[in-house]
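Report on the structure given below.
Hydrogens, waters and symmetry mates are skipped; everything else that's a heavy atom, side chains included, is used.
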Amino acid sequence: METKETESVKVFALGGVGEIGKNMYGVEIDSDIFIVDAGLMFPEEEMFGIDIVIPDITYLEANKERVKALFLTHGHEDHIGGIAYVLRKLHIPVYGTRLTLGLVEAKLSEAGLLGRVKLKTIDANSVVKFETTSVSFFRTNHSIPDSVGVAFGTSQGAVVYTGDFKFDQTPVDKYSADIGKMAQLGNEGVLCLLSDSTNAERPGYTGSEKAVGVEISKEFYSAEGRILIASFASNVHRIQQVFDAAYEHGRKVAVVGRSMVKVVDIAYNLGYLHIPDGMLISLQDIDSYPERKVAILTTGSQGEPMAALSRMAKQAHKQVAIRKGDTVIIAASPIPGNETSVSKTIDLLFRAGANVVYYGEKKVHVSGHGSQEELKLMLNLMKPKYFMPVHGEFRMQKAHAKLGEDVGMDRNDIFLVDKGEVIEFQNGVAKHGAKVPAGNVLIDGLGVGDVGNIVLRDRKLLSQDGILVVVITLSKEAKTIVSGPEIISRGFVYVRESEKLIDDSAKMVREIVEQSIREYSIEWSTLKQSVRDALSQFLFEKTKRKPMILPIIMEV
């Protein structure tokens, strides 16, 4: 009896592996491509002036007629932040839960795309059928409500992507994770599991969100003056607990920060936030209440809590300034890479006379991601044939792979992939496929992808040693220098104190130009290059610095 050839299944990541953020994964079943999530990442230190980073979707654009749908697991920026850029290029329906789509709608209306995109609401019990697969969902706990994992059915078993998850036994919204459904998927057979590695290096279990509520309530009880709470805008459960604590202790709440106002608005209108009548007050009215009756909920423009706080501490915020006697609760942990700026902000707050309560000493923050025991539980529930750790830097993926081995998986069945690497499954057997293009697309202002490595390299040079502009005007007829060389320096040396250096440089440039005029017909590019080389060497000898040198030669 001949065996039927099963469909070809491919899985790849366009973002979210080897980095924190910009999660985007592709599942290809025969000729259909499905995308899960379309996130953004905030720039790394080396990315001078870049606002945000999104995945490179060249592969999806090249195969746009094969891309069938985009599924969203939850409403965090690292999963939905790149959506407007993706939907400008791909005309596909978007599936997500009510709150996720509420947040996506706000993004699309800002980008002027709202009417053009089909948004389809699903919940944990929905099943979406396509020619090649049927897609089902399961509820997860995370630091934003309405989070789900996604499962693509194939004849070789399901391809399951967990989204961000933890197992919270006492969730704030009473919705616990669909453990039964996860186990059922595992019993029916999971071909490949893509699971969240963010906390794979942390032993034990992640604390419950409820514990944060208790701690916040304690702080509300003991605070004498105003209370300012900084949190990530998207953490709706945390925001609910702030409103609960304020209600319990008779405080009014004012909301500050564009992203916070937006999320509170959307979550309230969709019924995910319950705020008693008369409790929300406008920021203008806070001074008409006694200090012990006021709480201010704040965040930064990108949903990061520290930016607004540091402005308030420096008395540079338009609406709120930190006063002596304020209590500031930082109910968030720093985004990886932001630790130094966060500790500076805490310092500023203390200097401004506030009492600061922050993560570490008090339990005012818990992670939304599962620690090692929860990751093992997910692996044991799903019992995947193959396992791909995603969401996280390489060391986190590596730690997660080790957990896979701990629960009994064979090392060869665990794939540590890089962006663009494809894993193919045929007849239940996995192998590495041909890579697809992947990388970073940098967004600076309105420009999408127009700033590349060369521009960044220039910005880096400018930031290190500054720039020197040399302006000369030549007369082509008379073969003489009409004016110059004039030397303009920015960020290289303080001109008034380095007059000799600038004069010597000018003299040197004049000699080079005069010599080249005498020797041969004037060739601009050669002339510029010789000015650049000689000047660069001279300045390095004198200052041990290498400014960017821009010769500008004009002819009259």
- [ ] Could you tell me the separation between the CZ atom of Arg116 and the CG atom of Leu87, rounded to the nearest 0.5 Å?
- [x] 9.5 Å
Do the side-chain N and O atoms of [X] and [Y] include a donor-acceptor pair separated by under 3.5 angstrom?
X      : Y      : result
Lys22  : Asn440 : yes
Glu7   : Ser155 : yes
Thr162 : Asp196 : no
Tyr175 : Asp146 : no
Glu188 : Gln184 : yes
Thr73  : Asp37  : yes
Thr132 : Asp30  : no
Gln241 : Glu209 : yes
Ser371 : Thr206 : yes

Heavy-atom side-chain contact between [X] and [Y] under 4.5 Å:
X      : Y      : result
Ile330 : Ile346 : yes
Leu416 : Met388 : no
Leu119 : Leu108 : yes

Charged N to carboxylate O below 4.0 Å: is that the case for [X] and [Y]?
X      : Y      : answer
Glu374 : Lys166 : no
Lys431 : Glu424 : yes
Glu28  : Lys68  : no
Glu110 : Lys107 : no

Open item on the list: If you apply the rule side-chain contact (heavy atoms from CB on, under 4.5 Å), what do you find for Val9 with Val159, and how did you get there?
Closed with: CA-CA 9 Å; Val9 177; Val159 174; 3.9 Å; yes
Open item on the list: Applying ring pair (Phe, Tyr, Trp, His ring centres under 6.0 Å) to Phe137 and Tyr95, what does each step give before you reach the verdict?
Closed with: CA-CA 11 Å; Phe137 307 90; Tyr95 294 84; 7.6 Å; no
Under 6.0 Å between ring centres: does that hold for [X] and [Y]?
X      : Y      : answer
Tyr161 : Phe152 : no
His432 : Phe415 : yes
His365 : Tyr358 : no
Tyr25  : Phe12  : no

Please say whether more than 12 non-hydrogen atoms of neighbouring residues, nucleotides or ligands are located less than 6.0 Å from [atom1] in [X].
X      : atom1 : value
Lys435 : NZ    : yes
Glu131 : CD    : no
Lys376 : NZ    : yes
Lys210 : NZ    : yes

Task: Aromatic plane relationship, His142 with His74 - under 30° parallel, 30 to 60° tilted, over 60° perpendicular - done: perpendicular
Task: Mutual orientation of the aromatic rings belonging to His79 and His391 [parallel < 30°, tilted 30-60°, perpendicular > 60°] - done: perpendicular
TODO: Test side-chain contact (heavy atoms from CB on, under 4.5 Å) on Met260 and Leu297 and set out the steps.
DONE: CA-CA 8 Å; Met260 185 65 91; Leu297 182 58; 3.8 Å; yes
Donor-acceptor check, side chain of [X] to backbone of [Y], threshold 3.5 angstrom: yes or no?
X      : Y      : result
Asp78  : Met41  : no
Gln372 : Leu403 : no
Thr133 : Val135 : no
Asp265 : Val261 : no
Gln397 : Gly18  : yes
Ser147 : Ile144 : yes
Ser197 : Ala200 : no

- [ ] With side-chain contact (heavy atoms from CB on, under 4.5 Å) as the test, would you mind laying out the steps for Val11 and Val422 before giving the verdict?
- [x] CA-CA 6 Å; Val11 177; Val422 177; over 6 Å; no
Which heavy atom of [X] sits nearest to which heavy atom of [Y], and what is that distance?
X      : Y      : answer
Ser231 : Arg238 : OG-CG, 3.5 Å
Pro389 : Val17  : O-CG1, 4.3 Å
Gly96  : Leu101 : O-CD1, 3.5 Å
Ser143 : His237 : C-CD2, 4.3 Å
Asn199 : Gly370 : CB-O, 3.1 Å
Thr140 : Val148 : OG1-N, 3.7 Å

TODO: May I have the step-by-step check of side-chain contact (heavy atoms from CB on, under 4.5 Å) for Val160 and Phe138, ending in yes or no?
DONE: CA-CA 10 Å; Val160 178; Phe138 51 92; 3.6 Å; yes
Open item on the list: For a salt bridge (charged side-chain N to carboxylate O under 4.0 Å, His left out) check, start with the C-alpha distance between Lys64 and Glu61, then their side-chain angles and the critical distance, and finish with the verdict.
Closed with: CA-CA 5 Å; Lys64 59 162 79 114; Glu61 284 180 67; 5.8 Å; no
- [ ] Could you give me the CA-CA distance, side-chain angles and deciding distance for Glu405 and Arg411, then say whether salt bridge (charged side-chain N to carboxylate O under 4.0 Å, His left out) is met?
- [x] CA-CA 6 Å; Glu405 287 180 51; Arg411 175 174 292 186; 3.2 Å; yes
